[in-house]
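Notes follow once the structure below has been shown.
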Amino acid sequence: MAELSLQHIDKIYDNNVQAVFDFNLDVKDGELIVLVGPSGCGKSTTLRMVAGLEDISKGRLYLDGKDITQTPAKDRDMAMVFQNYALYGHMTIYENMAFSLTLRKENPNVIHKKVLAAAEILGLTSQLNKKPDQLSGGQRQRVAMGRSIVRNPKVFLFDEPLSNLDAKLRGATRREILLLHKRLKATMLYVTHDQTEALTLADRIVCMSMGHVQQVGTPLELYDSPNNVFVASFIGLPPMNLFDAKVDGDDLLIQQGQGYRVPLTAQEKQMLAAYQGKEIILGVRPEDIGEGAGFPVVVSNNENLGMNTLVYGNIGGPGGVKICAKLKGWIGHQHGDNVQFTIKRKHLFDKETTNAIR
Ligand code: ADP
């Protein structure tokens with residue numbers, strides 16, 4: 001069992017920089033939580049406080065109900081996998097994986113069994129006699145994971161473990177981590193700035209901005225009903241389009257040139273009852289835009305991705321609000337083409353608070 005509870009946690013560094021504000025999270029046993037957000041939002045600081053590598057300035061941290069706020073890192077029964085692998089260059093892969101157990105003076109037979117078992121899980125059996133510099137980046141990252149697995153920790157902590165890998169290897173290693181999670185059924189906390197990693201790996205995502213948690217939820221919850229404009233534009237690629245729009249009778253009026261009307265559904269009208277005549281932010285995912293009689297867009301770029309085409313353009317013509325549509329199939333628009341787009345699904349946000357209107 002490994003349940004983590006972070007309660008009202010703050011981090012204020014010695015230079016008085018507050019990196020984390022009132023962080024609250026209950027991690028269930030066996031859950032894979034991904035902390036995601038842009039660089040500098042406080043993800044690593046949070047992870048390092050859980051690991052015991054940074055002091056917790058305020059708040060409490062519990063592991064299986066036990067208060068470990070002041071417990072030294074080495075006694076927390078957690079293993080951290082770093083971005084730069086942190087392997088010992090002069091040791092073999094076997095020795096690297098065995099290192100923490102050797103330090104603990106475990107029985108050599110037990111160590112041998114554990115290292116072989118971890119190597120088997122990670123497909124490293126034939127690499128055990130090599131040195132780290134004889135391995136690829138992906139293999140080295142697996143050794144770093146193997147070093148954690150042999151310790152059989154209560155909690156695995158990952159700090160941007162895929163950042164040093166190229167795109168293809170990142171995808172493959174991401175799938176390995178997911179399989180590893182399913183196999184070990186371990187509680188994992190995983191930090192990344194990459195929303196794709198968050199969406200594909202997480203049981204639940206914690207999306208952060210400037211030290212504050214913006215939303216906690218399943219990948220689908222964050223994608224489908226983002227709490228605010230920040231989460232809406234951070235989760236999803238290409239990012240959600242955001243337009244200033246005025247609630248005008250039965251329509252939204254996109255505030256652009258002569259203005260373009262987008263009809264509201266009965267439900268949306270109800271949600272916007274208090275906003276009649278006011279400005280809101282209209283969010284539209286590129287994949288929720290289709291071609292058809294709607295509002296005019298002049299194409300600036302057309303990017304064919306195979307299954308989809310990203311069409312970038314400006315509403316009403318050059319100089320108009322930028323828009324990106326992700327259309328199905330191979331579309332051959334040219335720079336300067338006139339097209340009409342319709343909106344299949346809207347996200348509505350309060351302009352002042354930037355919170356979702358629901
Ligand atoms: P992230 O992991 O999301 O990129 P960090 O947790 O590393 O963000 O950093 C959050 C904030 O705390 C940043 O403003 C960063 O500059 C600051 N910070 C990080 N480490 C220290 C430190 N040791 N001393 C002072 N400020 C720090």
Side-chain angles (χ1 to χ4, degrees), residues 4-25 27 31-61 68-74 76 78-86 137 141 144-145 148 155-165 167 170 173-174 177 187-217 219 222-223 226-237 239 354:
L4 263 182
S5 181
L6 291 83
Q7 299 188 4
H8 302 293
I9 287 184
D10 283 350
K11 176 66 186 183
I12 303 161
Y13 282 109
D14 292 342
N15 57 0
N16 274 334
V17 170
Q18 181 152 2
V20 177
F21 297 79
D22 196 28
F23 192 108
N24 290 287
L25 181 71
V27 185
E31 201 174 19
L32 200 174
I33 296 280
V34 177
L35 304 187
V36 73
S39 177
C41 74
K43 313 176 291 287
S44 297
T45 299
T46 305
L47 194 76
R48 292 169 63 80
M49 285 193 285
V50 172
L53 302 173
E54 288 288 351
D55 290 339
I56 292 172
S57 310
K58 216 169 132 194
R60 313 304 303 176
L61 175 67
I68 58 163
T69 313
Q70 307 287 349
T71 307
K74 65 177 178 40
R76 287 193 184 191
M78 299 184 189
M80 185 127 156
V81 179
F82 295 94
Q83 176 178 355
N84 59 6
Y85 323 133
Q141 188 50 269
M145 288 191 255
S148 302
V155 182
F156 285 84
L157 305 172
F158 293 91
D159 193 1
E160 302 259 7
L162 309 183
S163 295
N164 288 342
L165 306 179
R170 231 176 7 240
T173 313
R174 197 173 71 209
I177 292 177
T187 306
M188 295 181 171
L189 228 57
Y190 185 109
V191 159
T192 179
H193 63 274
D194 180 348
Q195 62 91 38
T196 308
E197 275 175 44
L199 284 176
T200 51
L201 280 172
D203 291 321
R204 281 191 301 154
I205 297 174
V206 178
C207 185
M208 295 180 74
S209 165
M210 296 195 290
H212 294 270
V213 172
Q214 302 295 317
Q215 189 166 3
V216 181
L222 269 72
Y223 174 79
N227 270 352
N228 54 35
V229 168
F230 177 83
V231 178
S233 53
F234 194 80
I235 300 288
L237 201 70
T354 79

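As the structure lists them, so they are numbered: ligands from 1, and atoms in each ligand from 1.
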Atoms of ligand 1, numbered as shown, that sit under 4.0 Å from any heavy atom of [X]:
X: P38; answer: 3 (O)
X: N15; answer: 25 (C), 26 (N)
X: T45; answer: 5 (P), 6 (O), 9 (O), 10 (C)
X: C41; answer: 1 (P), 3 (O), 8 (O)

Right, does atom 15 (C) of ligand 1 have protein non-hydrogen atoms nearer than 4.0 Å?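 No, there is no protein heavy atom closer to it than 4.0 Å.
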Is the closest protein non-hydrogen atom to atom 2 (O) of ligand 1 under 4.0 Å?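 Yes, there is a protein heavy atom closer to it than 4.0 Å.
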For [atom], what's the nearest protein heavy atom and its distance?
atom: atom 4 (O) of ligand 1; result: G40 N, 2.6 Å
atom: atom 7 (O) of ligand 1; result: S44 CB, 3.9 Å
atom: atom 19 (C) of ligand 1; result: Y13 CE1, 3.4 Å
atom: atom 12 (O) of ligand 1; result: A19 CB, 3.3 Å

Of I68, D10, I9, which meets side-chain contact (heavy atoms from CB on, under 4.5 Å) against I56?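 Result for side-chain contact (heavy atoms from CB on, under 4.5 Å) with I56: I9.
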Going from CG on D194 to OG1 on T200, what distance comes out if it is rounded to the nearest 0.5 angstrom?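 Result: 7.5 Å between the selected atoms.
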Can you measure from CG (D55) to CD1 (I12) and round to the nearest 0.5 angstrom?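 D55 CG to I12 CD1: 12.0 Å, rounded to 0.5 Å.
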Could you say whether the N/O atoms of V17 and ligand 1 ever approach to under 3.5 Å?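 No, no N or O pair falls under 3.5 Å.
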N or O contact, G42 vs ligand 1, cut-off under 3.5 Å: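 There is such a contact, yes.
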Check the orientation of Y190 and F158. Use parallel for under 30°, tilted for 30 to 60°, and perpendicular for over 60°.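 The rings of Y190 and F158 sit tilted, inter-plane angle from 30° to 60°.
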Can you confirm whether more than 12 heavy atoms, excluding those of D22, are under 6.0 Å from its CG atom?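 For D22, atom CG is crowded (more than 12 foreign heavy atoms under 6.0 Å).
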Can you find a side-chain donor-acceptor pair between Q214 and N228 that sits under 3.5 Å?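 A donor-acceptor contact under 3.5 Å links the two side chains.
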Give a yes or no on whether a salt bridge exists between E197 and R174, defined as a side-chain N under 4.0 angstrom from a carboxylate O.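 No salt bridge links E197 with R174.
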Answer with yes or no whether G37 contacts ligand 1, where contact means a heavy atom under 4.0 Å from a ligand atom.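 Heavy atoms of G37 never come under 4.0 Å of ligand 1.
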For R204 and V216, indicate whether the former's side chain and the latter's backbone hold a donor-acceptor pair under 3.5 Å.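 Absent.
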Any side-chain heavy atom of H8 sitting closer than 4.5 Å to one from N24?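 The answer is yes; the side chains approach within 4.5 Å.
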